[in-house]
Amino acid sequence: MNPVSFYLLTDTHYFENSLGAEGKAFDAYMQKEQYFMKESSAIVKSVFSRIAEDKETDIVIIPGDLTKNGEKESHISFLKELNKLKQSGKKIYIITAGHDYNEFSFAFKNDERIDVEAASFDELYDMYRDFGYADAVAFDKRTHSYIAQIADGVRMLAINCDSFGNPKGAADDELMSWMQEQLDTAKADNCSVFAICHYPIIPSVPVFDLVGDAKIKDWRKVAAFLADNGVELILTGHMHIQSINEFYSEKGNRLIDICTSCLVGSPAKYRKISVDENSVMKVESLDVDGFAADLNGVSAQEYFDRQFGDAIVCRVSGVLNGGKGIVKHLKKVGKKIFESITVGALGRLLFIKTDKSVKKMKLTDLVAKIGLAIFSGDQPFVEGTAEHDMIFRFLNRFSFVLKKVEPKLEKNGVKINLQKMILGTIANNKGYSDQNAEFVLK
Ligand SMILES: [Fe+2]
Ligand SMILES: [Fe+2]
């Protein structure tokens with residue numbers, strides 16, 4: 001690939017605070033939310049101003065979920081920030097996604113949740129036409145996908161699989177044939193192509209292969225299509241996770257999927273990516289910090305992690321609410337145990353040996369720690385760590401359950417090994433980092 005360099009940030013989930021972000025209903029909502037709503041505008045402003053200062057790189061790419069839930073006012077304010085960044089000399093390329101239109105847009109005022117006006121999908125064209133659409137080589141009106149010449153001999157295929165015009169999270173036949181046409185034209189014009197898409201193409205971690213909305217529909221087919229048509233790199237978001245994955249098609253062609261975290265929630269990263277004249281691609285991950293908000297005396301990273309960690313525990317506890325009769329009773333007991341037990345006590349209950357380094361830890365703290373680590377990338381729980389060994393023993397104890405479940409999860413004849421998937425999700429054994437990595441492209 002010819003030299004190109006750009007900033008990559010995604011899932012900005014920008015919210016216009018004057019719509020309302022306060023009160024009891026807001027506080028209750030935020031208990032379960034991974035990312036910040038009230039602080040999102042300050043975070044975006046701070047990151048944009050840091051990018052504006054960098055005179056080395058003049059391209060900024062944002063693959064979707066620009067606003068919290070498609071509020072019209074959030075779009076208007078976000079566009080003001082985009083225009084400021086553009087005036088600093090940057091070329092900005094975006095795609096929109098499901099959180100940018102027709103969502104159930106809401107805000108919080110006077111202790112209540114209120115409905116607010118959302119943008120329609122069609123309105124997004126006029127709003128964002130100067131951020132990729134207008135000077136595209138080709139634009140697909142139905143999905144707002146496009147292909148743009150972003151450097152000498154380099155085109156960027158922006159795939160919108162989360163539009164109003166096509167099935168959610170899928171590249172349908174019509175979109176696939178439009179992409180084929182664009183890739184053929186690029187080849188004839190002697191251009192290499194990389195792509196962006198809101199949904200990850202390759203599951204970010206092994207267990208996401210089992211989660212419907214965690215990757216594009218028929219991901220193996222789409223990955224092979226891109227790789228076999230010369231697309232070696234795709235930049236994605238949506239899952240709010242830091243990951244880099246490789247896929248090889250049957251013909252031996254590679255696709256690298258770089259999925260980047262939500263900008264306004266833990267792990268709160270963005271990336272700077274550059275490809276040099278020898279086709280060496282360097283991926284650098286940057287922290288979000290220094291934004292104007294009251295962080296209660298903790299570091300920005302801690303502030304983000306606390307929000308997400310507490311939300312993980314709250315969501316797990318939430319699953320143990322409700323039910324009827326005996327189920328309700330069992331759930332209540334389960335919730336009490338989950339919220340109060342230590343890791344060591346749980347081990348004793350299940351006859352599982354636990355290492356002394358985690359024994360005294362509260363189970364809720366361990367669950368939050370593992371959850372945060374999965375979404376941060378470079379998952380540290382490799383063989384030999386207390387967390388890995390405990391989960392390994394736990395999975396062995398319940399292997400009879402896993403063996404019963406696995407055949408039910410099989411799809412298209414692909415065998416499932418839950419133990420391998422779970423252990424692969426808590427440990428990065430890929431041989432490269434999810435944060436800072438180097439690849440030699442074709
Ligand atoms: Fe998102
Ligand atoms: Fe999304």
Which residues pass the side-chain hydrogen bond (donor to acceptor under 3.5 Å, both in side chains) test with Tyr133, not counting sequence neighbours?
none
What closest approach, in Å, do Thr57 and Ser5 show between heavy atoms, and which atom pair accounts for it?
OG1-OG, 2.9 Å
Regarding Asp122 and Ser120, do their side chains bring together a donor and an acceptor under 3.5 Å, going by distance alone?
no
If we ignore angles and hydrogens, is there a donor and acceptor under 3.5 Å between the side chains of Ser243 and Asp434?
no
Closest non-hydrogen atoms of Cys314 and Gln31, given as atom of the first, atom of the second and distance, are CB-O, 3.6 Å
Residues which pass side-chain hydrogen bond (donor to acceptor under 3.5 Å, both in side chains) with Glu246, listed by chain and number, not counting sequence neighbours
Arg254
Just do the side-chain contact (heavy atoms from CB on, under 4.5 Å) check on Leu235 and Phe6 with the steps written out, would you?
CA-CA 12 Å; Leu235 314 168; Phe6 52 85; 3.6 Å; yes
So, Glu53 and Arg50, do they make that salt bridge, N to O below 4.0 Å?
no
For residues 39-48, run the donor-acceptor check on the side chains, cut-off 3.5 Å, and write out each pair with its distance to 0.1 Å, sequence neighbours left out.
from	atom 1	to	atom 2	distance (Å)
Glu39	OE2	Tyr303	OH	2.6
Ser40	OG	Phe15	N	3.0
Ser40	OG	Met37	O	2.8
Ser46	OG	Asp289	O	3.4

I'd like to check the side-chain hydrogen bond (donor to acceptor under 3.5 Å, both in side chains) partners of Gln301; sequence neighbours left out, ordered by chain and number.
Asp305
Just by distance, do the side chain of Thr385 and the backbone of Val382 share a donor-acceptor pair under 3.5 Å?
yes
Checking Asp365 now: which residues fulfil side chain to side chain contact (heavy atoms under 4.5 Å, CB included) with it, not counting sequence neighbours?
Met361, Lys362
Does one side chain, of Asn245 or Asp257, offer a donor that lies under 3.5 Å from an acceptor on the other?
no
With a cut-off of 6.0 Å (strictly less than), are more than 12 heavy atoms of other residues, nucleotides or ligands near NZ of Lys217?
no
Neighbour count above 12 (heavy atom, 6.0 Å) for Glu410 CD
yes
For Glu174, check side chain to side chain contact (heavy atoms under 4.5 Å, CB included) against everything at least two apart and list the hits.
Arg142, Asp172
Would a distance-only check, ignoring hydrogens and angles, find a side-chain to backbone donor-acceptor pair under 3.5 Å from Gln379 to Ile374?
yes
Taken in chain and number order and not counting sequence neighbours, the residues that satisfy ring pair (Phe, Tyr, Trp, His ring centres under 6.0 Å) with Trp178 are none
Just wondering, more than 12 heavy atoms not from Phe338 lying within 6.0 Å of its CZ?
yes
Centres of the Tyr125 and Phe139 rings: under 6.0 Å?
yes
Please list, chain by chain and in numerical order, all residues satisfying ring pair (Phe, Tyr, Trp, His ring centres under 6.0 Å) with Phe121, sequence neighbours excluded.
Tyr101, His144
Quick check for you: to the nearest 0.5 Å, what is the distance between Leu79 atom CG and Ser74 atom OG?
11.0 Å
Do you see a donor-acceptor pair shorter than 3.5 Å between the side chains of Asn166 and Thr143?
no
Worked check of side-chain contact (heavy atoms from CB on, under 4.5 Å) between Val60 and Leu9:
CA-CA 8 Å; Val60 181; Leu9 51 117; 4.0 Å; yes
Asn17 (side chain) donor-acceptor with Lys38 (main chain) under 3.5 angstrom:
yes
Give a yes or no on whether Lys168 atom NZ has more than 12 heavy-atom contacts from other residues, nucleotides or ligands under 6.0 Å away.
yes
Give a yes or no answer on whether the side chain of Lys55 reaches the backbone of Ala52 with a donor-acceptor pair at less than 3.5 Å.
yes
On a heavy-atom basis, which atom in Ala118 and which in Glu123 lie closest, and how many Å separate them?
O-OE1, 4.2 Å
Has Asn110 got a side-chain atom pairing as donor or acceptor with Glu112's backbone, closer than 3.5 angstrom?
no
Heavy-atom closest contact (Thr12 atom, Leu263 atom, distance)
CG2-CD2, 3.9 Å
Polar side-chain atom of Gln149 near backbone of Ala151 as donor-acceptor pair, under 3.5 Å
yes
Pairwise distance CG(Asp100) to OH(Tyr128) - rounded to 0.5 angstrom
6.0 Å
Heavy-atom neighbours of Lys420 NZ exceed 12 at 6.0 Å
no
Nearest heavy-atom contact between Gly309 and Ala368 is O-CB, 3.8 Å
Give a yes or no on whether a salt bridge exists between Lys91 and Asp135, defined as a side-chain N under 4.0 angstrom from a carboxylate O.
no
Please name all residues satisfying side chain to side chain contact (heavy atoms under 4.5 Å, CB included) with Ala148, sequence neighbours left out, ordered by chain then number.
Tyr93, Tyr146, Ile150
Apply side-chain contact (heavy atoms from CB on, under 4.5 Å) to Ile61 and Phe194, showing your working.
CA-CA 12 Å; Ile61 296 170; Phe194 73 88; 4.0 Å; yes
Is the cationic atom of Lys86 (NZ for Lys, CZ for Arg) positioned less than 6.0 Å from the six-membered ring centroid of Phe131 and within 45 degrees of its normal?
yes
What do you reckon, is NZ of Lys408 surrounded by more than 12 foreign heavy atoms closer than 6.0 Å?
no
Where the side chain of Ser285 meets the backbone of Gln435, is there a donor-acceptor pair that is under 3.5 Å apart?
yes
Centre-to-centre under 6.0 Å for Tyr199 and Phe208, is that the case here?
no
Before giving the answer on side-chain contact (heavy atoms from CB on, under 4.5 Å), spell out for His240 and Phe308 the whole-Å C-alpha distance, their side-chain angles and the decisive distance to 0.1 Å.
CA-CA 11 Å; His240 300 186; Phe308 189 20; over 6 Å; no
For residues 386-395, which side-chain N or O atoms pair as donor and acceptor with protein atoms under 3.5 Å away, sequence neighbours left out?
from	atom 1	to	atom 2	distance (Å)
Glu387	OE2	Lys369	NZ	2.8
Asp389	OD1	Gly384	N	3.3
Arg393	NH1	Lys353	O	2.6

Going by atom types alone, do Asn321 and Lys335 pair a side-chain donor with an acceptor below 3.5 Å?
yes
Of the non-hydrogen atoms in Thr10 and Thr236, which two are nearest, and what is the gap between them?
CG2-O, 4.2 Å
Give, for atom NE2 of His99 and atom CG of Asp65, the distance between the pair rounded to the nearest 0.5 Å.
5.0 Å
Residues at least two apart in sequence or cross-chain that pass ring pair (Phe, Tyr, Trp, His ring centres under 6.0 Å) with His198, listed by chain then number, are His238
Taking only residues two or more places apart in sequence or in another chain, which ones pass ring pair (Phe, Tyr, Trp, His ring centres under 6.0 Å) with Phe381?
none
How many angstroms lie between OG in Ser88 and CG in Asp58, if you round to the nearest 0.5 Å?
9.5 Å
Geometric class of the Phe247/Trp219 ring pair [parallel <30°, tilted 30-60°, perpendicular >60°]
perpendicular
Apply the test salt bridge (Lys or Arg N to Asp or Glu O under 4.0 Å) to residues Lys272 and Asp54: give CA-CA distance (whole Å), side-chain angles for both, the deciding distance (0.1 Å), then the verdict.
CA-CA 11 Å; Lys272 187 173 174 178; Asp54 182 351; 2.7 Å; yes
